[in-house]
Amino acid sequence: MMNKSPAPEDAADATPDAAADTAPDAPADTPTRGPADSTSDTTRHAGSTSGTTRRTAESGTTRHGAGSPDHAAVHADGLTVVRGGGTVLDGIGFTVPPGVITGLLGPSGCGKSTLIRALVGAQAGVTGTLVVLGHPAGHPALRPRVGYVTQAPSVYADLTVRQNLDYFATVLNPRATAAERRTGIERALADVDLTAYADRLAGRLSGGQRSRVSLAVALLGTPDLLVLDEPTVGLDPVLRRDLWDLFHRLASERGTTLLVSSHVMDEAERCHRLLLMRDGRLLADDTPDALRARTGADTVEDAFLRLVDRSGTDADRSTREYTR
Ligand SMILES: Nc1ncnc2c1ncn2[C@@H]1O[C@H](COP(=O)(O)OP(=O)(O)OP(=O)(O)O)[C@@H](O)[C@H]1O
C-alpha cells in the first residue's frame, strides 16, 4: 500500500496462497529492478512535488507523447509476473508520461490488477524493469508519493468518513499538526464531493460513496502518481462523469499522473494515453487518436478489436508495430 492500508476485511480475507502472492513490504527484496544507471536522472526529472517542475496536461501539444523513459512517471521493460505457476504478465514494456491520465484497458483477467499491484510493490513473482518516479517499484521513498485505490473500497466501516480520513492522515504523516491534517481532510472531502457525509459512518454509505472515501484517502498526501484499479465499477453515469472530471482536474491543476484501469472501453476516450492489454500482453501504448488513426477504426473499442484480430495472427509483430 502506498497512501492507505488495506481495510481490515481485506486482511481477514487473505489466504495463505494470497499471502504468497503478495510482495514483501521491504523493497530491498523485490526482484524488480531499475535501469542500473538511470535512477538518479529519473529522480531529478520525474514526479517532483514542486509545481514548477511538474509537467501538466496543459503543457503543450506534445504533452500526450510517451516521452523518454528518463522523464517517465512509470517505465517498464520486459516486465513479467508469475502467479500461481502461470505467467500473468509476459515481458511487457511501456512508459507512462507524467501529468497525464493513462488508461489501462483490457478484458477481465488480462492482468490489469496484477500490473497495478506490481507497480505499487504489492506483487510477488515480478521480474524485469519497473521504475516508478525514478525508483524501483515498491521502494520506501515512493510511499508518500504514490496513491493507490484498490478495487474493493478499503475503509473502516465503524468509523465516520472524517475519522477514516483522520486516521489515514495520521498514519501518512504522523508529524502533521491537527490543523494541517484538518486542511488536508477538508480538501480531500471536497475533491470527492463527500463533505456532506463527513460525519456518517462509512458502513452506512452506499458502495459508490465508500469508493469515494477510498479515493479521498489516496488523495490525502497529494500524491505525484495516483493509481486507480477500476474506480468507476458500479457507479452511475453521473458519478462516473464527476469522477472523470476530478481525474482531469488533478492532472491539469495539480500535475498528478494518473493510471486508471478499466474494462469499459468507452472510458478509454477520456484518457490522454492508453495501454491496451490482452492475455498478459500489451497490444498498444498510444493516444486514443493515434490508435484510431493507425487502425482505421472510429472508436477505441473497434481499434482494440482490430488489434486483437491482428495479434491473433501474429502477436509479436503486432505488439512491435502498435507499441510506441
Ligand atoms: N492469486 C492468484 N494466483 C494465481 N493467479 C491469479 C491470482 N490472482 C489472479 N490470477 C490470475 O491472473 C490473471 C490476471 O488477473 P488480474 O486480476 O490481474 O486481471 P484483471 O485484468 O485485473 O481482471 P479484472 O478486470 O477482472 O479485475 C488472471 O488469469 C487470474 O486468474
Side-chain angles (χ1 to χ4, degrees), residues 1-2 6-7 9-25 30-32 74 76 78-94 96 101-128 130 132 137-138 146 148-154 207-208 210-211 214-215 218 226-235 240 243 258-268 270-271 273-285 300-301 304-305 307-308 311-312 315 319 323:
M1 94 118 205
M2 296 289 115
E9 53 266 39
D10 290 351
D13 284 350
T15 62
D17 277 356
D21 192 42
T22 300
D25 198 34
T30 179
T32 312
V74 181
L79 180 65
T80 298
V81 176
V82 174
R83 295 183 87 173
T87 301
V88 173
L89 296 184
D90 194 6
I92 63 176
F94 62 88
V96 172
I101 303 173
T102 298
L104 177 60
L105 281 103
S108 185
C110 71
K112 301 182 296 295
S113 297
T114 303
L115 173 53
I116 284 177
R117 285 163 53 85
L119 217 139
V120 300
Q123 181 62 53
V126 182
T127 53
L130 186 55
V132 178
V146 180
Y148 172 35
V149 184
T150 52
Q151 251 180 50
S154 309
R210 262 199 302 275
S211 302
S214 254
L215 175 56
L226 186 57
V227 184
L228 303 112
D229 199 351
E230 308 229 16
T232 58
V233 167
L235 297 189
R240 275 176 60 186
L243 212 51
L258 292 99
L259 183 68
V260 184
S261 81
S262 176
H263 60 262
V264 185
M265 279 293 163
D266 66 3
E267 300 204 319
R270 302 174 189 260
C271 301
R273 289 192 64 84
L274 296 170
L275 300 172
L276 296 188
M277 284 185 69
R278 183 165 201 258
D279 291 341
R281 292 189 173 204
L282 206 57
L283 289 180
D285 172 4
V300 169
E301 179 157 9
F304 176 78
L305 292 172
L307 291 174
V308 167
S311 71
T319 301
T323 301

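In listed order, ligands and their atoms are each counted from 1. Source: prediction; values computed, not measured. Hydrogens, waters and symmetry mates play no part in the numbers below; they use all other heavy atoms, side chains included.
- Residue contacts with ligand 1, taken as heavy atom pairs separated by less than 4.0 Å, involve Pro107 solely via the backbone atoms N, CA, C and O.
- Here's the thing with Val88: none of its N/O atoms is less than 3.5 angstrom from an N/O atom of ligand 1.
- Considering only non-hydrogen atoms, atom 15 (O) of ligand 1 lies nearest to Thr114 out of Leu104, Thr114, Thr87.
- Ligand 1 places these atoms under 4.0 Å from at least one heavy atom of Gly109: 13 (C), 14 (C), 19 (O), 20 (P), 21 (O), 23 (O), 24 (P), 26 (O), 28 (C), 29 (O).
- Annotation: side chain of Ser261 is in contact with side chain of Glu230 (closest heavy-atom distance under 4.5 Å).
- Atom CG of Leu282 is separated from atom CG of Asp90 by 11.5 Å, given to the nearest 0.5 angstrom.
- Taking 4.0 Å as the cut-off, Gly106 does not count as a neighbour of ligand 1 on heavy-atom distance.
- For Thr102, the side-chain contact (heavy atoms from CB on, under 4.5 Å) criterion is met by Val96, Pro97, Val100, Leu259, Arg273, Leu275, not counting sequence neighbours.
- Remark: Lys112 NZ to Ile116 CD1 distance equals 8.5 Å, nearest 0.5 Å.
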For a side chain to side chain contact (heavy atoms under 4.5 Å, CB included) check, start with the C-alpha distance between Leu115 and Phe94, then their side-chain angles and the critical distance, and finish with the verdict. CA-CA 11 Å; Leu115 173 53; Phe94 62 88; 3.9 Å; yes
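- Of the candidates Met277, Arg83, Arg278, Gln151, Arg83 brings a heavy atom nearest to atom 9 (C) of ligand 1.
- Contact between Gly86 and ligand 1 is absent, with no heavy atom of the residue lying under 4.0 Å from the ligand.
- Looking only at side-chain heavy atoms (C-beta outward), Asp229 and Thr150 stay at 4.5 Å or farther from each other.
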